[in-house]
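Presented below is the structure to which this report refers.
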Amino acid sequence: QVQLVESGGGLVQPGGSLRLSCAASGRTISGYATGWFRQAPGKEREFVAAISWDGGSTYYVDSVKGRFTISRDNAKNTVILQMNSLKPEDTAVYYCASDRQSYRAVRTTAAAFGYWGQGTQVTVSS
């Protein structure tokens, strides 16, 4: 059974940083396109970042470019979202998602990802 578990969320002040981790069990996370989405109150779920199955390509929504970095740590079977210079508008529940099929190109819609974590709350507030 494939499981994805996010960790690292919490409360941070504007301008601060958080590091989110997505840990996979039951399957390697390498070999599968993996992404992060977020959903703020009253808003639709939004694509944030994704990384190709081999780590060679990354993708970001414009609003986080230059502030967020997605990466792989294959030794720990995790995908990381490093979030710097956080803003109040980054407040949301953040979800990790991974493709069901190996070696497939990244897509940035929620429907493209078959496995989802439970979400972790990120709150940016003074």
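We use all heavy atoms of the structure for the numbers below, so side chains are in, but hydrogens, waters and symmetry mates are not. Worth saying up front: this structure is predicted, and the values here are computed from it rather than measured.
Taking the side chain to side chain donor-acceptor pair (under 3.5 Å) definition, one finds that Thr69 meets it with nothing, sequence neighbours left out. Residues satisfying the side chain to side chain donor-acceptor pair (under 3.5 Å) criterion with Gln121, sequence neighbours excluded, are Thr123.
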Residues Lys87, Asp90; criterion salt bridge (charged side-chain N to carboxylate O under 4.0 Å, His left out); working and verdict:
CA-CA 5 Å; Lys87 304 174 180 179; Asp90 295 318; over 6 Å; no
ring-ring contact (aromatic ring centres under 6.0 Å, His included) evaluation trace for Phe37 with Phe113
CA-CA 11 Å; Phe37 292 75; Phe113 296 88; 5.5 Å; yes
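At a threshold of 4.5 Å between side-chain heavy atoms, the hydrophobic network of Ile, Leu, Val, Met, Phe, Trp and Tyr places Val61 and Val79 in one connected group. Tyr60 and Leu86 end up in the same hydrophobic cluster when Ile, Leu, Val, Met, Phe, Trp and Tyr side chains are linked at under 4.5 Å. No path of Ile, Leu, Val, Met, Phe, Trp and Tyr side chains, each step under 4.5 Å between heavy atoms, connects Leu18 with Ile80, placing them in separate hydrophobic clusters.
Pairs passing the disulfide (SG to SG under 2.5 Å) check and including a residue from residues 9-125, sequence neighbours excluded, read Cys22-Cys96.
The number of heavy-atom neighbours closer than 6.0 Å to CD of Gln13, taken from other residues, nucleotides and ligands shown, is 12 or below. The 12-atom threshold is exceeded at CD of Glu89, counting heavy atoms of other residues, nucleotides or ligands nearer than 6.0 Å.
Looking at Arg100 and Val2, their side chains never come closer than 4.5 Å, going by heavy atoms from C-beta outward. For the pair Trp53/Asp99, no side-chain contact is recorded, criterion being any heavy-atom separation below 4.5 Å from C-beta on. Annotation: side chain of Met83 is not in contact with side chain of Arg67 (no heavy-atom distance under 4.5 Å).
Phe68 and Tyr94 have tilted rings, their planes meeting at an angle from 30° to 60° on a 0 to 90° scale. Using cut-offs of 30° and 60° for the angle between ring planes, the Tyr95 and Trp116 rings count as perpendicular.
Between Arg104 and Ala33, the closest heavy-atom pair is O-CB, 3.8 Å.
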